Amino acid sequence: MRYDKLESLPSCPNCENELQRPSRPHQQRKYWVISICIHFTFFLFFILVSSALNLPRIPPKKAVDSVPVDHDAHLVGNYSSPLNNHASYKIETRSPDDWDPALFFGEPSFESDTAWNNLIRPRSFRVHRDEAVRLNLTDSILVQPGEDFATELGIIHNLHCLRRIRQMLNPEYYYPDASEEELEYNRHHNLHCLESIRTSMLCYPDINPHPYFWSGSKYHPVTVSGKVTRRCVDWEGLQPILEKRNFEPKELMRNTGPPN
């Protein structure tokens, strides 16, 4: 029976003695699985391409014109942030000999006075009524036309105090014709200034460490160096923002503010 079945199979067209083997069922299934996967892949690719071609066209965005930042709109905040973080900061590195007093505390000169005048500005600071309420400053003198209150920033007052103390160290230059009464008034004014600087230093202490060095002086053998790296308010960058709130002394309104 086995030989009869083999003889009934068709012979190989290229050879006389070999017989054609029947295909196996698992090979046929593999062929159909591969064929289906290939067709499905082409179908999915066609769907994706068609969808991409039919997407709505999004027009390109137009360039937006830059709008100047209005720092004055929300300049004044509250006790924890009086200037609403409008101050910018910079990293400052000082060398050991950076405490040279020549310009600001050296001998009196036109260059020194000009440097002080540029440093202490703007001298005054206008506070709007709603800001004055937040900061409890509604008892200050009014500024014309009467809706704002006159104030002075603490840093400006402290710089003014340092300059007055420096001027009193050179009375023959700054007060050559002062009377004894005026000199006594200036002395008391300087004591007031020293107290102002003391309280401000305790409120905003500089806690950056400075190194010691041997000075070679018999009067002060161990001295603190000016060498330091610290994070500082960019005062020169802040001044133009504050200038918009400045006012002239002639704009102060008489008979306003707390009584004498």
Side-chain angles (χ1 to χ4, degrees), residues 66-106 111-137 140 143 148-167 189-190 192-212 223-249:
S66 58
V67 179
V69 178
D70 185 6
H71 292 284
D72 190 64
H74 304 285
L75 181 59
V76 177
N78 50 37
Y79 298 110
S80 63
S81 180
L83 290 184
N84 259 342
N85 298 319
H86 279 267
S88 58
Y89 294 84
K90 62 182 180 180
I91 301 300
E92 176 183 80
T93 300
R94 294 283 186 176
S95 63
D97 57 350
D98 264 358
W99 282 344
D100 182 3
L103 180 59
F104 289 100
F105 293 100
E111 291 75 18
S112 178
D113 291 340
T114 300
W116 273 106
N117 289 336
N118 291 332
L119 190 64
I120 308 177
R121 66 173 182 83
R123 186 59 189 266
S124 301
F125 187 72
R126 182 188 300 263
V127 174
H128 302 323
R129 184 170 295 274
D130 61 318
E131 299 167 344
V133 171
R134 288 200 300 271
L135 297 176
N136 192 25
L137 296 175
S140 185
V143 183
D148 300 328
F149 295 86
T151 69
E152 182 178 83
L153 296 184
I155 181 177
I156 296 295
H157 182 254
N158 288 337
L159 289 173
H160 148 78
C161 282
L162 284 175
R163 180 169 64 175
R164 280 196 63 95
I165 295 170
R166 181 249 185 177
Q167 290 173 344
H189 193 153
N190 285 352
H192 146 85
C193 279
L194 289 171
E195 179 62 12
S196 171
I197 295 171
R198 183 191 73 85
T199 56
S200 289
M201 291 173 63
L202 292 177
C203 183
Y204 295 100
D206 183 351
I207 55 177
N208 297 281
H210 292 254
Y212 281 133
T223 307
V224 176
S225 170
K227 179 182 178 182
V228 69
T229 298
R230 56 193 177 187
R231 181 175 180 260
C232 304
V233 171
D234 182 5
W235 176 241
E236 293 180 353
L238 185 59
Q239 283 177 307
I241 299 175
L242 302 178
E243 283 285 0
K244 297 179 181 180
R245 295 288 191 104
N246 194 21
F247 58 87
E248 299 297 327

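Numbers here are sequence positions counted from 1. Predicted model, so just to flag it, every value in this text is computed and none were measured.
Proximity of the aromatic rings of Trp116 and Phe105 is defined here by a centroid distance below 6.0 angstrom, and this criterion is met.
Side chains of Thr151 and Phe125 form a contact here, defined as non-hydrogen atoms less than 4.5 Å apart. Trp235 places a side-chain heavy atom less than 4.5 Å from the side chain of Ile155.
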(message) Checking Lys227 against His210 for the side chain to side chain contact (heavy atoms under 4.5 Å, CB included) test, could you report, in this order, the C-alpha distance in whole Å, the side-chain angles of both residues, the deciding distance, and whether it holds?
(response) CA-CA 6 Å; Lys227 179 182 178 182; His210 292 254; 6.0 Å; no
(request) Determine, step by step, whether Val76 and Leu135 satisfy the side chain to side chain contact (heavy atoms under 4.5 Å, CB included) criterion, reporting the C-alpha distance in whole Å, the side-chain angles of both residues, the deciding distance to 0.1 Å, and the verdict. (result) CA-CA 9 Å; Val76 177; Leu135 297 176; 3.5 Å; yes
(message) Using side chain to side chain contact (heavy atoms under 4.5 Å, CB included), reason through Tyr89 and Asp234 one step at a time and then give a plain yes or no.
(response) CA-CA 5 Å; Tyr89 294 84; Asp234 182 5; over 6 Å; no
(request) Might you work through the salt bridge (charged side-chain N to carboxylate O under 4.0 Å, His left out) test for Arg245 and Glu131, ending with a clear yes or no? (result) CA-CA 13 Å; Arg245 295 288 191 104; Glu131 299 167 344; 2.9 Å; yes
(request) Go through His160 and Arg123 one step at a time and tell me if the side chain to side chain contact (heavy atoms under 4.5 Å, CB included) criterion holds. (result) CA-CA 9 Å; His160 148 78; Arg123 186 59 189 266; 3.4 Å; yes
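Not a single donor-acceptor pair under 3.5 Å links the side chain of Ser124 to the backbone N or O of Asn246.
Residue Ile120 is tested with Asn158, Leu162, Ile156 for a side-chain contact (heavy atoms from CB on, under 4.5 Å); the sole match is Ile156.
No side-chain donor-acceptor contact under 3.5 Å links Ser225 and Arg94. Residues Asn117 and Thr114 have side chains that never bring a donor and an acceptor to within less than 3.5 angstrom of each other.
Glu236 is linked by a salt bridge (charged side-chain N to carboxylate O under 4.0 Å, His left out) to nothing, counting only residues two or more places apart in sequence or in another chain. Considering only residues two or more places apart in sequence or on other chains, Arg163 meets the salt bridge (charged side-chain N to carboxylate O under 4.0 Å, His left out) condition with none of them.
The shortest heavy-atom contact between Glu92 and Cys232 is OE1-SG, 3.5 Å.
The stretch residues 192-202 participates, sequence neighbours left out, in these salt bridge (Lys or Arg N to Asp or Glu O under 4.0 Å) pairs: Glu195-Arg198.
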